[in-house]
Amino acid sequence: MAVPDKIKQEVDKLRQQIEHHNHLYHTLDTPEIPDADYDAIVLRLENLEEEYDLQTPDSPTQRVGSAPLSQFSQVQHELPMLSLNKVFDEADLLAFDARLKKRLDNEKEIQFSCEPKVDGIAVSLLYRDGVLERAATRGDGTTGEDITRNVRTIKSIPLRLKKLKPGTLLEVRGEIFLGKQGFSRLNEKAKVEGSKIFVNPRNTAAGSLRQLDSRMTAKIPLQMYCYSIGLVEGLELPTSLSETFKTLGKWGLPVNSDIGIAVGIDACLEYCLDLLGKRNSLGYEIDGAVLKVDEHELQQDLGSNAKSPRWAMAYKFPAEEKSTKILDVEFQVGRTGTVTPVARLEPVFVGGVTVSNTTLHNMDEIERLGLRIGDTVLVRRAGDVIPKVVKVIQAEKNKKPKKIKMPENCPACGSAVEKEGEVLYKCSAGVICPAQQKESIKHFASRTAMDIEGLGDKLVEQFVDEDVIENIADIFTIDEGQIADLERMGKKSAENLIQAINDSKETSLARFLFSLGIREVGEATAAGLSNHFGNLQSIISADQESLEKVTDIGPIVASHIVTFFANQSNLDLISKLRSVGVNWPDIEVSDQQKPLDGQTFVLTGTLEIMPRSEAKAALMALGAKVAGSVSKNTSCVVAGPGAGSKLTKAEELGIKILDEGEFLAFLDDLT
Ligand code: 9MJ
């Protein structure tokens, strides 16, 4: 078939573009376009090559990655490290399942290993006689880089495998990544030290693995999850992948505990949907799920092509990074008067939601990004739900871009804006500023604070704009007539709101403290204060020193608390709230030592009898701390079915481990 010149030219251009972006992404770690745009270019090239029979061995569609950097010695992978085929929707996943059944010539439902697709760097670890001999990056799938010295600094990767004897050779493959917590801790530290902020966990992990000085790598809390096997000699492995994972875990290798098994493609889809739903609450970044035929024999029957195994498929979730344009930057006033720049964006669908504005945090962030109105930026919706402007990818060039400046006057009340500390700007008006009034009332009424059902953000704004209320105490003197006067408020809604306001008066000390909106006093701190002091008067009269005795309260939070209660208008507001009937029971505080004081517990796997929240509350009531990860400071790990890497780590560190039955007996003994 004659191929039109136009098509040949387009194919050439696409190949050049892909090579360029491959180099930026894989070799230099400085991508210029979002993954979704890159995927679209590759897909276009794949389609054209397929349609016009233009595949050539040197096309980027035939390669797995990009050439390695030259500074590290090269490693030849004896078995190529293949990449995964990808699908982006349900229909293509069903087609994958149908293809498998056809090739196997069997209609029986297939069992799959369902895995989160961790967004990190693929590596190979080679254990000879049970000892880590070599670690290498995937590189282009055939040739990688020797990163053994760097990988040795990763604490979750065992240097010696349990139970593996002389005469054995085992190559395990997996993903090295930086968890969300590790990433935010690094950035908190960077902020304090005034050093460079890291852009995202994947680039940070990739950069640190490519450090020539492994002491630098050791400073980054990298992790790894193993997900496949390469070379094997002198060893019998189980007949399925899922059983192999259990074996790897027993040998001390880290395996993701969020991996599941599903029989049939419908169950796989359920797994994928569930994973997508909990994407934000996972401790690591993912960009999809991977489905693999579980039985090794079936894998062998299906085989691989040059690029990817036929028995595996990546189901990519919607991209979490997209490009869009900064339409404007406005300034918002928070409940404590902080003036924050907010970017108005050309609406963009990212990470499952349409984003049309996002906080830029402070002027330093704008400076760091080098941001101007009209710029095209990369927006990322990461582990948290707040979308973030990651970087400028194309500066506005048509007209002279406007520099973004902090306004001299508060946009809500016109009072002077003053600088406070290093990066904060605040409206100087205090509680008379309507923006501050609105924000503090919204917070007070919110679900986790006083929980006044029906008093949402819009209604609060209306009430303040129409001078119905000015502060949080005024809420309790609103009458039905005032509510009914407002637009779109019927009699029934007015009655319900009055009822909800009255119901909220019966509260707890912790909720009340949180709802006051004291700077940096969140729910956990409020609960800590409430448990420690037991009554409001003791908190009001507490000095800096006694406040710092409360768990997790440091000098800064303590000083915010002291400042809040030193302000007479805050005390007047509290008296007013009490006089209209807001009340709570005091809490009995005892000076007695608790049986688990100073001990840290970690709960992992599924607890089948006692809900996890109850187990946590029971431990805290006995004085223990409940942490999310295992370290040498952990006193005990409670492990239910499905426990994975945390359990492995506890075993490695020789930490006490209880199953749920033993844990319940242990609690019984103490109470
Ligand atoms: C990731 N990235 O989490 C594979 N992957 O298997 C998982 N990648 C993979 N499996 C074969 N869970 C090639 C790549």
Side-chain angles (χ1 to χ4, degrees), residues 25-26 35 39 63-65 77-88 93 96 100 112-125 136-142 144 156-157 171-180 200-203 205-206 209 222-232 237 240-242 244-246 248-249 253-262 268 271-272 274-276 278-279 282-296 298-300 302-317 319-320 383 644-645:
Y25 186 87
H26 290 288
D35 287 357
D39 289 340
R63 297 191 343 145
V64 181
H77 298 297
E78 223 166 290
L79 295 175
M81 288 185 77
L82 300 177
S83 66
L84 294 165
N85 279 320
K86 294 177 218 154
V87 292
F88 296 86
L93 207 56
F96 164 59
L100 293 177
F112 291 90
S113 167
C114 303
E115 308 170 12
K117 188 168 181 303
V118 181
D119 197 9
I121 294 92
V123 298
S124 142
L125 308 178
T137 60
R138 180 171 67 188
D140 65 1
T142 316
S156 62
I157 296 180
E171 184 196 3
V172 269
R173 293 165 175 183
E175 204 82 358
I176 289 186
F177 63 97
L178 178 58
K180 290 176 190 168
N200 67 48
R202 192 198 170 276
N203 287 2
L209 272 186
L222 295 171
Q223 291 170 263
M224 176 170 177
Y225 285 141
C226 299
Y227 53 62
S228 75
I229 301 286
L231 286 177
V232 182
L237 283 175
S240 69
L241 189 55
S242 51
T244 304
F245 286 151
K246 288 185 195 157
L248 295 182
L253 287 159
V255 177
N256 190 348
S257 57
D258 295 310
I259 291 178
I261 300 178
C268 289
Y271 173 89
C272 293
D274 183 56
L275 187 66
L276 185 57
K278 60 184 192 193
R279 180 181 196 171
L282 295 174
Y284 49 89
E285 298 277 358
I286 59 169
D287 56 356
V290 185
L291 306 177
K292 297 176 183 166
V293 174
D294 195 30
E295 291 297 327
H296 287 145
L298 293 186
Q299 290 185 358
Q300 242 142 44
L302 290 160
S304 304
N305 60 28
K307 211 174 92 174
S308 350
R310 289 200 192 86
W311 41 265
M313 184 58 80
Y315 182 37
K316 294 269 279 190
F317 289 160
E320 284 210 300
S645 58

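Whatever order the structure lists them in is the order used to number ligands and atoms, beginning at 1.
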Hydrogens and angles aside, do S242 and D294 bring a side-chain donor and acceptor to less than 3.5 Å of each other?
yes
dist S228:OG -> K292:NZ (nearest 0.5 Å) comes out at 5.5 Å
By chain and number, the residues contacting ligand 1 below 4.0 angstrom (heavy atoms only) are L82, L84, E115, P116, K117, V118, E175, Y227, V290, K292
The salt bridge (charged side-chain N to carboxylate O under 4.0 Å, His left out) partners of E175 (sequence neighbours excluded) come to none
Exercise. Ring centroid separation for Y225 and Y284, is it under 6.0 angstrom?
Worked result: yes
### Query
Does E171 use its side chain to pair, donor to acceptor, with the backbone of V232 at less than 3.5 Å?
no
dist L100:CG -> L302:CG (nearest 0.5 Å) comes out at 5.5 Å
